[in-house]
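This report concerns only the one structure given below.
We're numbering straight along the sequence, starting at 1. Because only heavy atoms are used, hydrogens play no part in the values below, and waters and symmetry mates are left out as well, while side chains stay in.
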Amino acid sequence: MKILQLSAVATVLLLAACAPQEITTEDTKDNVPVVETAKVSKSDLVNTTELSGIAMPSKQVPILTANPLNVEKVHVKVGDTVQQGDLLVSLDASEATKQLNEARQAAADIDKAVKEAEAKAIPDQSQELQQAQKELEASMNKSESLLEEAQSGDVSSSDLVQSGLEVSLKQAKLAQKSLSQISLTPDMLPQLKQQKQQANQAVAQAEQIVASTRLTAPISGTIADVSAVENGIAAPNTPLMTVIDQSNVDATFQVNSYQVSQLKAGNPIKLTFDGVTQEFTSTISTVSPTADPETGLFTVKAPIENAKNQVKGGMKATGEVTIDSLSDALVIPSSAISYDEEQAYVYIVNGKKAVKTPITLGFTNDDQYQVVDGLKANDIVVTDGKDQIQDGNEVKQRASEEQDENS
């Protein structure tokens with residue numbers, strides 16, 4: 001019987017121990033929200049934006065010819081280093097040289113006539129004079145026709161230059177024939193001098209055409225590409241090759257309307273290039289005032305010195321541009337800020353209570369905000385747990401943050 005009584009008592013005690021405890025007022029006193037906080041401090045704020053583009057040689061010059069001539073010799077290949085004035089391409093100069101010799105001979109004859117102080121009678125050559133006159137008229141008619149076609153875009157500038165040279169040569173020849181029909185007298189010198197000037201112009205034009213058959217490097221640099229083919233035709237105004245100078249490189253970016261509104265010449269920029277470990281510092285040199293009509297984008301350039309030739313044209317460029325900066329600003333994390341309609345506010349931990357405090361914000365770099373009014377250095381603001389508290393609530397900071405505050 002005693003055994004049964006003891007068993008019943010043990011069962012009662014066990015049930016009492018397992019029953020849930022009643023939550024009392026004394027227990028809830030310590031049930032306060034735990035929040036994360038940050039200390040208001042002074043710092044430098046920098047606002048940046050990232051751009052993507054490519055590296056471009058600061059100097060790249062196409063090699064062109066105005067005359068459709070045969071290519072006799074290509075003296076360089078892609079990758080060759082050249083100095084300014086080095087011969088790159090030789091074009092057929094035979095016809096141009098022939099015209100130059102004729103122009104020089106005509107100029108020499110007229111110059112001789114100017115210097116003659118006495119008349120010289122020679123046999124009648126009226127037929128030759130008439131023929132020279134006809135050739136001049138034909139050349140002038142051809143030039144007038146080409147000029148009309150050029151205005152409509154049907155004739156190239158090289159054809160006009162060639163026709164103009166022909167007219168000049170015919171004028172010189174006609175003057176040469178005319179001299180053989182007359183006796184020179186002092187009162188004819190003004191006319192002779194005018195003819196001499198025209199003949200000299202014809203010589204100068206012919207010399208330019210001969211010189212244009214030797215295409216030389218306009219700058220020192222590297223041959224980037226070659227399209228000229230020996231024994232082929234050099235098409236007018238089509239690049240035969242390109243010379244680039246990569247001692248200076250432009251990081252070139254195409255930016256949209258929103259980005260260009262933030263940028264200006266002089267903005268600091270940090271540059272990196274794919275495949276190059278070195279980071280470069282520069283400033284924006286060019287911000288295009290108008291957008292490309294085809295892409296709607298604006299061109300932005302930043303130059304760098306490339307003395308070691310590490311950066312190659314076409315490499316991908318990444319730029320970090322400093323838009324604005326502010327020194328020694330009173331700052332808080334953006335996570336501390338809440339809004340009551342349009343008014344920004346934070347919770348300051350004052351003692352053990354959270355105090356709702358309106359603030360005025362200024363400059364931002366997305367992660368941090370400048371506080372213009374409402375806070376002072378070393379104030380403690382709630383950054384996480386704001387949704388659990390209201391103005392005047394007791395709060396508890398995480399242990400590590402309490403230690404930081406007391407230190």
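Side-chain contact, Q397 with T37: a donor N or O sits under 3.5 Å from an acceptor N or O.
Nearest heavy-atom pair across G319 and L271 is CA-CD2, 3.8 Å. The minimum heavy-atom distance linking T65 with A235 is given by the pair CG2-O, 4.0 Å. Closest heavy-atom contact between T283 and P268: CG2-CA, 4.3 Å. Looking at every heavy atom in both residues, S325 comes nearest to F363 through N-CZ, 4.0 Å. In terms of heavy atoms, A354 sits closest to I389 at CB-CD1, 3.8 Å. Summarising the geometry of D340 relative to Y345, their closest heavy-atom pair is N-CE2, 3.5 Å, with the distance given to 0.1 Å.
Remark: K353 does not engage E394 in a salt bridge, criterion side-chain N to carboxylate O under 4.0 Å.
Between E36 and V382, every side-chain heavy-atom pair lies at or beyond the 4.5 Å cut-off. Residues L263 and I284 have side chains in contact (heavy-atom distance under 4.5 Å, counting atoms from C-beta outward). Looking at F273 and I54, their side chains never come closer than 4.5 Å, going by heavy atoms from C-beta outward. No side-chain heavy atom of L240 sits under 4.5 Å from any side-chain heavy atom of T238. Residues K396 and K352 have side chains not in contact (no heavy-atom distance under 4.5 Å, counting atoms from C-beta outward). Looking only at side-chain heavy atoms (C-beta outward), T216 and L88 stay at 4.5 Å or farther from each other. Annotation: side chain of T318 is in contact with side chain of E50 (closest heavy-atom distance under 4.5 Å). Within the 4.5 Å cutoff, the side chain of V71 has no heavy atoms near those of the N231 side chain.
The number of heavy atoms from other shown groups lying within 6.0 Å of OH (Y258) does not exceed 12. In the displayed structure, E279 atom CD is contacted under 6.0 Å by more than 12 heavy atoms of other residues, nucleotides or ligands. For K312, the NZ atom sits in a packed shell: over 12 heavy atoms of surrounding residues, nucleotides or ligands are nearer than 6.0 Å. Remark: Q390 CD is loosely packed, at most 12 non-hydrogen atoms of other residues, nucleotides or ligands lying under 6.0 Å away.
Rounded to the nearest 0.5 angstrom, D328 CG and D44 CG are separated by 7.0 Å. Rounding to the nearest 0.5 angstrom, the gap separating the CD1 atom in I244 from the CD1 atom in I223 is 9.0 Å. Rounded to the nearest 0.5 Å, atoms OG (S282) and CD (E305) are 9.5 Å apart. Here OG of S285 is found 11.5 Å from CD1 of I304. Values are rounded to the nearest 0.5 Å. Rounding to the nearest 0.5 angstrom, the gap separating the OG atom in S41 from the CG atom in L330 is 7.5 Å. In this structure, N47 CG and D367 CG are separated by 10.5 Å, a value rounded to the nearest 0.5 Å.
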Give the C-alpha distance, both sets of side-chain angles, the deciding distance and a yes or no for side chain to side chain contact (heavy atoms under 4.5 Å, CB included) between V34 and R398. CA-CA 6 Å; V34 177; R398 294 197 186 280; 3.8 Å; yes
Going through the distances and angles, do T242 and V61 end up as a side chain to side chain contact (heavy atoms under 4.5 Å, CB included)? CA-CA 6 Å; T242 303; V61 184; 5.9 Å; no
As a quick check of understanding, evaluate side chain to side chain contact (heavy atoms under 4.5 Å, CB included) for V395 and V32, giving each step before the final call. CA-CA 6 Å; V395 295; V32 297; over 6 Å; no
Are I233 and L69 close enough, and set up right, to give a side chain to side chain contact (heavy atoms under 4.5 Å, CB included), and what steps lead you there? CA-CA 6 Å; I233 299 294; L69 300 173; over 6 Å; no
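One N or O on the side chain of N306 and one on the backbone of Q310 form a donor-acceptor pair closer than 3.5 Å. A donor-acceptor pair is defined here as one N or O able to donate and one able to accept, closer than 3.5 Å; no such pair exists between the side chain of T222 and the backbone of A224. The backbone N or O of Q259 sits nowhere less than 3.5 Å from a side-chain atom of S261 that would complete a donor-acceptor pair. Judged by distance alone, with hydrogens and angles left aside, the side-chain atoms of T272 form no donor-acceptor pair with the main-chain N or O of A317 at under 3.5 Å. Remark: side-chain polar atoms of S58 are paired, donor with acceptor, to backbone N or O of N248 under 3.5 angstrom. Side chain of T364 to backbone of Q368: a donor-acceptor contact under 3.5 angstrom is found. For D274 (side chain) and M315 (main-chain N/O), no donor-acceptor pair under 3.5 Å exists by modelled atom type.
For D80, the side chain to side chain donor-acceptor pair (under 3.5 Å) partners at least two apart in sequence or on another chain are K77. Under the side-chain contact (heavy atoms from CB on, under 4.5 Å) criterion, K59 pairs with I219, D245, sequence neighbours left out. Evaluation of the side-chain contact (heavy atoms from CB on, under 4.5 Å) rule for T48 yields V46, E320, T322 as partners, not counting sequence neighbours. Considering only residues two or more places apart in sequence or on other chains, K376 meets the side chain to side chain donor-acceptor pair (under 3.5 Å) condition with D379.
A cation-pi geometry, defined here as NZ or CZ lying under 6.0 Å from the six-membered ring centre and within 45° of its normal, does not hold between K356 and Y347.
Contacts classified as side-chain hydrogen bond (donor to acceptor under 3.5 Å, both in side chains) and involving residues 84-94 (residues at least two apart or in different chains) are given here: H75-S90, D92-S94.
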With a 3.5 Å cut-off and sequence neighbours excluded, list the donor-acceptor pairs that the side chains of residues 292-302 form with protein atoms.
from: D292; atom 1: OD1; to: E294; atom 2: N; distance (Å): 2.7
from: D292; atom 1: OD1; to: T295; atom 2: N; distance (Å): 3.3
from: T295; atom 1: OG1; to: L297; atom 2: N; distance (Å): 3.2
from: T299; atom 1: OG1; to: Q254; atom 2: OE1; distance (Å): 3.3
from: T299; atom 1: OG1; to: Q254; atom 2: NE2; distance (Å): 3.3

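Under the side-chain contact (heavy atoms from CB on, under 4.5 Å) rule, L215 has a single partner from I63, V74, L64, which is I63.
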